[in-house]
Amino acid sequence: MMTVHEVSELAGVSKLDFNAFGTQEMEEYARQARESWGQTEAYQEYEQKFAGKSLVQEQQLGIGIMSIIAELGRMKKSDPADEAAQAQVEKLQKHISNHYYACSDEILSSLGRMYVGDGRFKKNIDNAGGRRHGGIYAPGH
């Protein structure tokens with residue numbers, strides 16, 4: 001696992017900001033997620049996986065996903081069909097599946113559409129990915 005410093009360097013930021021998603025904003029996202037997906041298997045799996053996790057464990061998972069996003073940000077100008085880009089997308093999908101919920105191709109595609117269609121989501125992902133690189137590629141857009 002990468003250290004916070006290594007993720008920061010990879011992302012092109014001097015300090016990795018765990019506040020890219022502000023507390024109030026995270027609470028709003030959580031409320032919207034419960035309303036939209038609370039009855040789904042994926043959401044219930046997420047709740048089970050996070051039950052009892054400490055703040056340190058949650059931050060470690062955050063570092064893991066942010067490092068994957070930072071690498072995707074470095075690939076932003078690459079051809080999305082490129083083997084390395086596809087491997088990184090697969091790495092993201094596996095990370096989500098292993099630590100949050102089963103991330104099917106359909107769910108991954110939905111996350112991509114959220115990135116393209118929701119300015120708040122895009123801004124926060126870009127900030128988490130680092131200003132220099134920023135962003136992820138959403139297939140079909």
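Note that the structure is predicted; figures quoted are calculated from it, not measured. One is the number of the first residue; the rest follow in order along the sequence.
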Would you mind listing every ring-ring contact (aromatic ring centres under 6.0 Å, His included) that reaches into residues 44-93, with sequence neighbours excluded?
Y43-Y46, Y46-F50, F50-Y100
Please name all residues satisfying side-chain contact (heavy atoms from CB on, under 4.5 Å) with S36, sequence neighbours left out, ordered by chain then number.
none
Partner residues of E35 under the salt bridge (Lys or Arg N to Asp or Glu O under 4.0 Å) criterion, sequence neighbours left out
R31
If the condition is side chain to side chain donor-acceptor pair (under 3.5 Å), which residues does K94 pass it with, not counting sequence neighbours?
E90
Pairs flagged by ring-ring contact (aromatic ring centres under 6.0 Å, His included) wherever residues 60-89 is involved - sequence neighbours left out:
none
Would you please name every residue forming a side chain to side chain donor-acceptor pair (under 3.5 Å) with E106, sequence neighbours left out?
none
Looking only at heavy atoms, the pair that brings C103 and S97 closest together is N-OG, 2.8 Å
Test side-chain contact (heavy atoms from CB on, under 4.5 Å) applied to L92 and L111, step by step:
CA-CA 11 Å; L92 174 64; L111 291 171; over 6 Å; no
Nearest heavy-atom neighbours spanning H95 and L61:
NE2-O, 3.6 Å
Do I65 and H99 pass the side-chain contact (heavy atoms from CB on, under 4.5 Å) test, and can you show the C-alpha distance, the side-chain angles, and the key distance before you say yes or no?
CA-CA 10 Å; I65 201 161; H99 301 291; over 6 Å; no
Is any side-chain heavy atom of L72 closer than 4.5 Å to one of K91?
no
Backbone N/O of S54 and side chain of Q57: donor-acceptor pair under 3.5 Å:
yes
From Q86 CD over to D79 CG, what is the distance, rounded to the nearest 0.5 angstrom?
9.0 Å
Which distance, rounded to the nearest 0.5 Å, do you find between the CD of Q60 and the NZ of K53?
10.0 Å
Which pairs, with at least one residue in residues 60-86 and sequence neighbours excluded, count as a ring-ring contact (aromatic ring centres under 6.0 Å, His included)?
none
For A42, the side-chain contact (heavy atoms from CB on, under 4.5 Å) test, sequence neighbours excluded, returns T40, Y101, I107
Applying side chain to side chain donor-acceptor pair (under 3.5 Å) to Q88 and not counting sequence neighbours gives none
By side chain to side chain donor-acceptor pair (under 3.5 Å), K49 pairs with (sequence neighbours left out) E45
